[in-house]
Structures are given as structure tokens and as C-alpha cells.
Q: 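Attaching a single structure in C-alpha cells format; questions to follow.
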2 protein chains.
Amino acid sequence: MSTSHEEPDQCIYIVDDDEALRDSLVWLLESSGYRVCAYDSSESFLAAYQPRMTGCLVLDVRMPGMSGLELFEELRLRHCSLPVIFITGHGDVPMAVSAVKRGAVDFIEKPFGDRDMLGLIEESLERERNSRQQRQVEAEIVRRLGDLTQREREVLDLIIAGKLNKQIADVLGISIKTVEVHRARVMEKMGANSLAELVQCVMTGEPGALRG
Amino acid sequence: MSTSHEEPDQCIYIVDDDEALRDSLVWLLESSGYRVCAYDSSESFLAAYQPRMTGCLVLDVRMPGMSGLELFEELRLRHCSLPVIFITGHGDVPMAVSAVKRGAVDFIEKPFGDRDMLGLIEESLERERNSRQQRQVEAEIVRRLGDLTQREREVLDLIIAGKLNKQIADVLGISIKTVEVHRARVMEKMGANSLAELVQCVMTGEPGALRG
DNA sequence: GGCACCGCTTGATCTGGATCAACGGGGGGG
DNA sequence: CCCCCCCGTTGATCCAGATCAAGCGGTGCC
């Protein structure tokens, strides 16, 4: 098997100060058909980091300068959601547990088997695909919500609250006809063909919008 | 501080074959105001297990007979979602990672500090409160969905799909009037005052019901 | 400065379709 | 007998879409 992972700019990013291990990993992954980029330190990875990167990260825990764990934290602060696989020399249970609880895909000890690593890479990429798609959908909805004018947004909220056009007009102190105009524009901008779709849309975009 | 944790039948379940540690834990937790039940083996806990138990579990990993990990698996098979804290003598990173990935709250090594344990207990109970409340709401909705007749359910699905009464009547081969009757009954049974509420309800009850 | 253009908001009329509410009825099965 | 499913009428209400129009604020061009 080789070069079959179709995905676009997907890449496996390796950060480890041990050149031998880096080379070994690069070889393993490239020969499995992945695109790979290796860095010898957290700092050099951060320097090259782009929010648009996709794929997954393999981080050495212990490195001179910024550790893998610190890099992980830093990336989370930057809202980077790339899946992370930690590799470490000496096992440390609390550290491993903490990392996984914070969202790391796994935390494995050296030496590890090729098969294990490949399995984790696949798990990571799968995770990335899902969250990525999820975020994309939500982002699109949020974008559309952002396209609404203030008034349209107010009308939308009242629609979601289950109010009738008449009631909306009442609350906003405008005529029913105007509400209908706004409503129509909202439906158009949100790309919804029915009230049901509209509600589903908005609920996907923001979890906290209930009752009326 | 003592006896302040108001919750109803909440209880900390401890499963460990080491009597000394059991006693120590029971003392710590009880003096912190928690209700505690201790068991000396996975088997004895399973024998006493009731699906209605609430609170959290503290499991020793290594025990004669069924291990803590096996008990964990068994409980998950039984759809028990009690949060689980593992305690173990010798740290084993892969095992710890695996447990946490499968949903364990934490995996700590003996000896551990009282403060750490109490922190984890609180984290567990918090987790339990959330998931519990979540499941309760969903269960209520599912129950109501179950009260619907076959026909009402079909109509509901088409309503969610954004179909008009006319279209629904067409699809089901019945008259619009009949659809209206079903629709009204659905709204009544689901306790929804508007289409928006209905959609929110159903979406909360089952995540996979889109497009039409 | 003035004026035209654009977008947001507001409003109206009319037409036609959709929905609601409240009545009426019939047929079938446990 | 009750419940479920089916269907109808009437009148009121609601919603959608097209068309027309006006005030207001900002942008830009002359």
C-alpha cells in the first residue's frame, strides 16, 4: 500500500528534538502515503504554524525549550484544534491522564510499534475530519447570522421564540407588513426553505436560544 | 466543613480489595459529608448494582477476580454512565490513557492526597449532574414521542421536514383536514406551543432527523 | 456644498394559499 | 364504549409574494 490518502493539504506534523526518531517517523509515515513535515522544536513549529493547517500533530513531551505539553497549551489558546498524539520516553501517568483529559488523542511511550502509530494517526485524522466538518458548518451558519441586520436579527429571535408575526410587530412596535418583509429577508439570507429548517439552522449555530 | 452536599440519593461507591485503603477512603469521604458505600470486589458491587444509582464510582484497577477495568466495561455494557475514578498501585500509562479515552474521569496512582481525591469526586459529581440532567430531559422527550400514534409520528416527521399540511396530506394520501387533526394532537402531546418549540423538542430527542 | 445612489427600515394594497378553531359526521378495533 | 383514524364545512386568521413608495443615513462623485 502507498499514497492513497486522498485528503487535500492534509499533513502529519512531527515535533521532536531527536533526529533519529524524527527520521524514523518521517520514513514510516511517508512510506504509508502521508505528507509529513518535521520540526526539531516547539519554537520552530510555532514559527511555521498557520491556522489553516490540517492533519494532525505528533509531539514529543520532553524537549529543550518549550515542551510538547506547553506547545499543546499554546495551540489550544490559539484555538488550533489539530489532534495531538504525544510521545514520551518515560511514562508519567498523571501527565498522560491530564493530556488526554485536555483533548490529546493519545499519549504513548517510546518505543512504540509502527502499527500502533499508524492506528493513532488514522484515529487522529478521523477526529480531525469530523470536528473540521462540524466547525465548517457552524462557521457558515454564524457567517450568515452575521449578515443579518440588527432588525432582522431581532425578528429572527422572536420567530425562534415561536411568536406570530402579529406578536412580533407588537413587540417591536412596527406593522405586520414590515415584519413580513424582515422575515422574508431572514429566510432568504439564512437559506432556509421552511420554518423548521430555520430553527434547525439557528440551533446548530448557537446552543443557547430557547423559550419565549 | 461537613454534610453540605444536598443531592438526593447521591452516593460515592468504592470498590477495592484493600480494606485499609477502603476504610481510609470511607473516612475521608464521609467526614466530607458524602454518603459512601464500599465493596471489596467487583463481583460484590455488581451484585448490589442498581441502574438507578447516582453519584460516582472509585475503582481499584487491580483486584482478585474481576478487575476494575473489566467492571468498568461491564457497567458501560449495561449503559451505566456513573463517572468512574480509577486508583492503582503501579502506574501504567497505556492503561491509564485507555481508561480515560473510554470515559473515565481520572486515573490516579496510590498514594494520593486527600485534596486530589476530593477534587476528583467533585469533578465526577459535576459530570454526573450534567449528564444526568441531560439524559432526563431527553428521556422525557423520548417518552412523549412514544405516546404518539403511528400516524401522528409520520405526520410529525413530515412537519419537521418542513412540509406543508397540503404536501403531507398528499404524501400520506389523506385529506388536509386529517393532517390538521394529527398535527394538533402532536403539538398537544409534545407540549409545544409553536412550530419552533416542536422542532427544538424533536431535535433534542434525536440528533439525526434532517432534510426533506 | 449639493446631488445621486444605495442599503436599511418602514409602510401599504392586493391576491392567493395555508392554517386554526370549532362544529359536524362515519368506520374499525380492543 | 372508547380510541384511533378518516373526512367535511365555515369563518377567521395568518402567511407569502408581487408591487409601489417614503424617510434616513452613508458613500461617492461633480
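In what follows, every chain begins at residue 1, and chains take the letters A, B, ... in the order their sequences are listed.
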Q: Please identify the 5'-most and 3'-most nucleotides of DNA chain C with any atom under 4.0 angstrom from a heavy atom of chain A.
A: dC8(C) to dC14(C)

Q: With a 4.0 Å cut-off on N to O distance, would you call Asp18(A) and Arg22(A) a salt bridge?
A: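 No salt bridge links Asp18(A) with Arg22(A).
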
Q: What are the residues of residues 167-184 of chain A, sorted by number, that bring a heavy atom to within less than 4.0 Å of DNA chain D?
A: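 Residues of residues 167-184 of chain A under 4.0 Å from DNA chain D: Lys177(A), Glu180(A), Arg183(A).
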
Q: Could you state the atom-to-atom distance from CD of Glu188(A) to C1' of dA16(D) in whole Å?
A: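 Spelled out: CD on Glu188(A) to C1' on dA16(D) is 13 Å.
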
Q: Are Ile121(A) and Tyr34(A) packed together at the side-chain level, in the sense that at least one heavy-atom pair is separated by less than 4.5 angstrom?
A: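 In short, these two side chains touch, coming nearer than 4.5 Å.
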
Q: Measure CG/Asn193(A) against P/dC15(D) and give the value in whole Å, please.
A: 18 Å

Q: Are Arg144(B) and Lys189(B) side-chain neighbours, meaning at least one heavy-atom pair lies under 4.5 Å?
A: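 In short, these two side chains do not touch, never coming nearer than 4.5 Å.
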
Q: Any idea which heavy atoms bring Pro83(A) and Val105(A) closest together, and the distance?
A: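 Answer, listing the atom of Pro83(A) first, then Val105(A): CB-CG2, 3.5 Å.
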
Q: Which whole-number value in Å describes the distance from Leu164(B) CG to dA16(D) P?
A: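 So the two atoms are 10 Å apart, to the nearest Å.
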
Q: Under 4.0 Å from OP1 or OP2 of dC5(D): is there any side-chain N or O of Thr149(B) that close?
A: yes

Q: Counting only heavy atoms not in Arg115(B), do more than 12 fall under 6.0 Å of its CZ?
A: no

Q: Do the ring planes of Phe86(A) and Phe72(A) sit parallel (below 30°), tilted (30 to 60°) or perpendicular (above 60°)?
A: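 Rings of Phe86(A) and Phe72(A): perpendicular, as their planes differ by over 60°.
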
Q: Indicate yes or no: does Arg135(A) engage Glu138(A) in a salt bridge with an N to O separation below 4.0 Å.
A: no

Q: Output the rounded distance in Å from CG (Leu195(B)) to P (dA16(D)).
A: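 My rounded result for the distance is 11 Å.
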
Q: Between atom CD in Glu154(B) and atom C1' in dC4(D), what is the gap in whole Å?
A: 13 Å

Q: Counting just side-chain N and O atoms, does Asn165(A) come under 4.0 Å of either OP1 or OP2 of dC14(D)?
A: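 The answer is no; no side-chain N or O of Asn165(A) sits under 4.0 Å from OP1 or OP2.
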
Q: Would you say Ser98(B) and Arg102(B) are linked by a side-chain donor-acceptor pair, where the criterion is simply a distance under 3.5 Å?
A: yes

